[in-house]
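Below is one structure; the comments refer to it alone.
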Amino acid sequence: MASFVGRVFSVDSMYLMYSRLLRTKPVGSMGQSGNDLTEMSDSSTGVGLAKVLTTADLVSLGVGSCVGTGMYVVSGLVAKAMAGPGVILSFIIAAVASVLSGVCYAEFGVRVPKTTGSAYTYSYVTVGEFVAFFIGWNLILEYLIGTAAGASALSSMFDSLANHTISNYMITHLGTLRGLGKGEDTYPDLLALFIVLLVTVIIALGVRNSIGFNNVLNVVNLVVWVFMIIAGLFFISARNWEGGNFMPYGWSGVMQGAATCFYAFIGFDIIATTGEEAKNPNTSIPYAITASLVTCLTAYVSVSVILTLMVPYNMIDGSAPLMEMFAVHGFLWGKYVVAAGSVAGLTVSLLGSLFPMPRVIYAMSRDGLLFRFLSHVSTFSHTPAVACVISGTFASILALLVSLRDLIEMMSIGTLLAYTLVSVCILLLRYQPDETTDTHQYRTDHNEDIKPQDDGDVPMKDDRSLIDSENSSYHAGGAEGEGDDSDFHTGQAPLLKRLLGGHYYTIRVRLGMPDASARPTPITGRTVTRCTLLFFITSFFMWSMVIFGVEQGTGFGAVLSGVMAALMVGSLVKLMVTILQQPESPRRLPYMAPCVPFVPMAAILVNTYLMLKLRPLTWIRFTIWCIIGLLIYGCYGVWNSTLELNARQEQAQASTYQRYDDHLDDTFSPDFHPEEGDSERPYQENVTKMWQKSNENKNATKTTKT
């Protein structure tokens, strides 16, 4: 037993597992032509995903997935229970956080056009396999919850239109279930289950069909949105915002509401999952992300203003707020118009949640991290049919058994974490060397611009795999505009030059920033990697001190927490300066996130703060889901991933060559004894004949040349 434990926890075994967790997927294997169906198809059928989506389709998909649940459910929920009319500020703060992450997503969509797995694929390219699985697993959770919540919201809306006769019938004939988490009673929502199954069929029939249906519903939703704004102006009252009613729960409630509202901007993440099905992902994805964020923010703010001015925040209906705000004023005709828009908006939102979920499952199973049968693509609809059916089934079960209130509480945490990891990946990519970089020349000519390393520029064993994975993974073919990079070293340089004027170069010198001709090396890349990870971890500890020590603490404990938070702020500034002192990659792309490293770092800070503002119950549920995912990865994914199988195959081939070389050494060594082992003679005789024939060919070649 002791020997077994020793083998398992030996240095070599731990290093091998460390290498498995950090191995990355080469960008080059994902940047192939769309005609190559090998990478993006089920190997047994050879069928790929159809490239049929235009920029308008992507905008429609993103806006629809956001505006439905966000406008018809989240706005009323946050206004009533968390922020009051301050929900307007909550949406604006969530939008700022979404923009910071959205520009990082847009750059990734250009760097890695084939992005069926969205943040999962991005993390697999840059951070490593374990983090990629972790992100993909939590994206699945978010889409599951979003789908179930959309179906439950639709069911509640129909129930409200029917004066709650549907829920009363279910309770009378089917009874109630003990709700999850808070323990409130709920009834088996058969209508929500049926809605999810119906939408699953629509998604499985094909992208073109589901997107067309999505566009029609979006038009209806847009018309109803304009109607609500115009009709609501006749019933507004400024008294609902007076006397401290605008922020009844203070800034803490506003920030907690922002954490919940963040889910309402998940549309650009859904856009990023369609990279393999977009006609021109390099331009469509950035434009669609920008247009979706602007449109959604406009819709949320306008609707929140009308809602909180029409109805006092404590009288808002939690299940159907926009419908009931007209009913309160006796405008029943307006209620039914909003009901039509609710059906359209929530259905589109349901489509937006269910559409990317099977594609993330497809990408993960294609890479071997989930069971490979899930990557089957239908020859009829060119969609991941098996993943569609399984994901729709699980979502329908959630919609059947879990209440809408419990579902909404779990809607944001995985999304925030996924977006944070994307921002981390941007920092990693921008400061890693390309294969075309002459690192030896840089190390000789610009050694003074790099912070000295004590290892003498010779990487240790535990760093070599990281260097190799970075060199193989961070390179992407087809970089545009690499010829002129004199003004490209930092994306923020043009803006800072205009703002700082003549002080710009003085600040650069004092901060120790490298000049425009500097190029990143593996050592500077590792420096940025370590600083970025430390920045991510330190931000969690800093905001924990602020939220649980300064905001909720009193007396000496609050003061001590404030001092520790201030020290951590200093550490974060130091890490940022260290990253600024490293050279950036000179590669140009059709779209690049501005002001790197400031924008990704701001996204990390905002997202981690919003994550910690969520309730402890949400973190408990999130932890349980993560444990299930870790069991799947540890028992199946890590041993069956495509990278693992390829490594085994290469190792087997290397072993074959090694055995062949050993036989050659034994055959031609001076101490060779033919009588050793009759079983080896046929093989050795064949090798001898091959060697003699090779020598004869060489002699013949020399004679010919002479």
Side-chain angles (χ1 to χ4, degrees), residues 27-28 103-104 107 110-111 126 425-459 463 466-532 535 574-601:
V27 178
V103 294
C104 297
E107 179 174 330
V110 173
R111 284 182 178 269
T126 57
C425 293
I426 281 293
L427 283 176
L428 297 180
L429 276 176
R430 282 291 190 94
Y431 291 92
Q432 301 304 323
D434 295 328
E435 289 182 0
T436 56
T437 301
D438 189 354
T439 58
H440 298 285
Q441 180 68 27
Y442 171 77
R443 192 174 297 147
T444 302
D445 298 339
H446 302 278
N447 191 42
E448 69 276 10
D449 291 333
I450 307 177
K451 292 303 171 186
Q453 303 291 332
D454 295 334
D455 55 5
D457 291 352
V458 179
D463 291 327
L466 182 59
I467 296 173
D468 294 340
S469 65
E470 287 168 352
N471 287 338
S472 63
S473 300
Y474 291 129
H475 174 70
E480 298 181 10
E482 293 184 1
D484 181 16
D485 43 78
S486 58
D487 295 327
F488 178 67
H489 167 62
T490 53
Q492 67 270 20
L495 177 61
L496 292 180
K497 283 182 180 179
R498 292 194 297 268
L499 294 177
L500 301 177
H503 300 288
Y504 171 75
Y505 293 101
T506 303
I507 294 176
R508 282 182 61 93
V509 172
R510 291 187 176 182
L511 290 178
M513 297 174 62
D515 56 42
S517 62
R519 296 294 180 266
T521 68
I523 291 178
T524 62
R526 287 203 313 277
T527 300
V528 173
T529 300
R530 291 164 182 164
C531 290
T532 302
F535 188 93
K574 175 61 177 176
L575 292 171
M576 182 183 67
V577 172
T578 303
I579 292 177
L580 281 172
Q581 292 172 343
Q582 311 306 316
E584 276 193 46
S585 171
R587 296 181 60 243
R588 291 185 182 273
L589 297 170
Y591 177 86
M592 302 189 74
C595 298
V596 174
F598 301 112
V599 167
M601 285 184 167

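For the numbers below, each heavy atom of this structure counts, side chains included, while hydrogens, waters and symmetry mates do not.
Between the side chain of Q582 and the backbone N or O of T578, at least one donor-acceptor pair lies under 3.5 Å.
Atom CG of residue L427 and atom SG of residue C104 lie 7.5 Å apart, to the nearest 0.5 angstrom. A distance of 4.0 Å separates OG1 in T532 from CD1 in I579, rounded to the nearest 0.5 Å.
The only member of V528, I523, T524 that meets side-chain contact (heavy atoms from CB on, under 4.5 Å) when paired with R526 is I523.
Considering every non-hydrogen atom in both M592 and R587, the closest pair reads CE-O, 3.7 Å. Taking every heavy atom of both residues into account, V599 and P594 meet most closely at CG2-O, 3.1 Å. Taking every heavy atom of both residues into account, Q581 and P514 meet most closely at O-CD, 3.3 Å. The nearest pair of heavy atoms linking S585 to Q432 is CB-O, 3.7 Å. Nearest heavy-atom pair across P600 and C595 is CD-O, 4.2 Å. A pairwise comparison of heavy atoms in P520 and Y431 identifies CB-O, 3.6 Å as the closest pair.
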Between L575 and M601, does a side chain to side chain contact (heavy atoms under 4.5 Å, CB included) hold up when you go through it step by step? CA-CA 10 Å; L575 292 171; M601 285 184 167; 5.5 Å; no
